[in-house]
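Presented below is the structure to which this report refers.
One is the number of the first residue; the rest follow in order along the sequence.
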Amino acid sequence: LFCLVMFRGSWCKYDEHYLTKLANDPKPEGTHMVAWTSEGTEGADKANKQWKLVEKLGYSMVLGDETNALAKFLIEDELLPNLTIQPLSDVQIVDETKIYAKPQGYPNGLVQPAMVVYAHKGNMVMHWESNKEMDQSNAYGAANRPLPEHMWDEVKHRKTALDHGDAVMPIHGERLKTCTHLDDV
């Protein structure tokens with residue numbers, strides 16, 4: 001399995017919490033996880049160093065691209081059609097003191113959290129994009145992500161069906177139980 005996790009940036013405590021939880025929950029054997037951010041290379045390197053994504057949590061790599069080329073491709077190719085790229089002027093975040101602030105950088109916009117999982121032969125197993133409604137109810141894109149334990153169970157079932165030649169539709173992440181609420185951080 002290959003799991004691409006798109007996160008907001010190195011400044012986001014929700015991302016740190018979720019990427020850690022996602023890596024620590026039991027997942028199918030042989031799963032390769034890649035974390036990606038629109039914060040750019042420096043932001044990806046900073047998140048990897050501070051959160052130990054590769055060293056401790058087992059991510060294959062952490063990538064950053066402030067051009068948002070991957071995000072644009074995923075939208076245009078209908079793989080993640082509801083992926084949100086917000087102009088920085090529209091972005092609001094909640095920092096650890098619960099004060100609304102603006103992140104720095106992101107010349108081509110901030111890509112909100114998303115995830116896509118593929119199995120062998122390029123079959124999509126699961127996809128999820130952050131709710132397009134960016135407001136206090138979802139911490140401006142930070143909260144209400146798929147609960148990793150439930151997500152990995154569903155991914156295992158879908159992969160098993162594919163392994164047996166059954167045609168099963170991909171899992172839509174918005175139908176999964178959610179976690180990473182404001183109180184989780």
Open item on the list: Show, in sequence, the C-alpha distance, side-chain angles and deciding distance for Asn82 and Ile75, and conclude whether the side-chain contact (heavy atoms from CB on, under 4.5 Å) test is met.
Closed with: CA-CA 7 Å; Asn82 297 316; Ile75 294 167; over 6 Å; no

- Query: Hey, mind stepping through Leu1 and Val125 against side-chain contact (heavy atoms from CB on, under 4.5 Å) and telling me if it holds?
  - Reply: CA-CA 9 Å; Leu1 288 173; Val125 176; 4.1 Å; yes

Could you walk me through whether Met6 and Leu74 pass the side-chain contact (heavy atoms from CB on, under 4.5 Å) test, one step at a time?
CA-CA 11 Å; Met6 303 179 100; Leu74 292 170; 4.0 Å; yes

Note to self: Using the rule given for side-chain contact (heavy atoms from CB on, under 4.5 Å), can you reason through Arg145 versus Trp128, listing the C-alpha separation, both sets of side-chain angles and the distance that settles it, and then say yes or no?
What the structure shows: CA-CA 8 Å; Arg145 302 177 195 198; Trp128 169 82; 3.5 Å; yes

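Between the side chain of Ser38 and the backbone N or O of Val111 there is at least one donor-acceptor pair closer than 3.5 Å. A side-chain donor-acceptor contact under 3.5 Å links Asn48 to the backbone of Val54. Between the side chain of Tyr18 and the main chain of Pro146, a donor-acceptor pair closer than 3.5 Å is present. Listed for the Asp15 side chain is a donor-acceptor partner under 3.5 Å among the backbone atoms of Gly9.
Distance check: Leu80 CG to Glu129 CD gives 4.5 Å after rounding to the nearest 0.5 Å. Interatomic distance, Thr84 OG1 to Leu110 CG, rounded to the nearest 0.5 Å: 10.0 Å. The line from NZ of Lys156 to CD of Glu154 is 11.0 Å long, rounded to the nearest 0.5 Å. A distance of 7.5 Å separates CG in Leu70 from CG in Asp65, rounded to the nearest 0.5 Å. The line from CG of Leu19 to OH of Tyr59 is 4.0 Å long, rounded to the nearest 0.5 Å.
For the 3.5 Å distance criterion, the side chains of Gln112 and Gln86 qualify, holding a donor opposite an acceptor. Using modelled atom types and a 3.5 Å distance limit, the side chains of Ser10 and Gln50 yield no donor-acceptor pair.
Leu63 has its side chain within reach of Met61: a pair of non-hydrogen atoms, C-beta onward, lies under 4.5 Å apart. Side-chain contact between Met151 and Met115 is present, with at least one heavy-atom pair separated by less than 4.5 Å.
The pair Asp163-Lys159 meets the salt-bridge criterion, since a charged nitrogen lies less than 4.0 angstrom from a carboxylate oxygen.
By the neighbour-count criterion of 12 heavy atoms within 6.0 Å, atom CD of Glu16 is densely surrounded, having more than that number from other residues, nucleotides or ligands.
In this structure, Trp51 has its ring center under 6.0 Å from that of Phe7.
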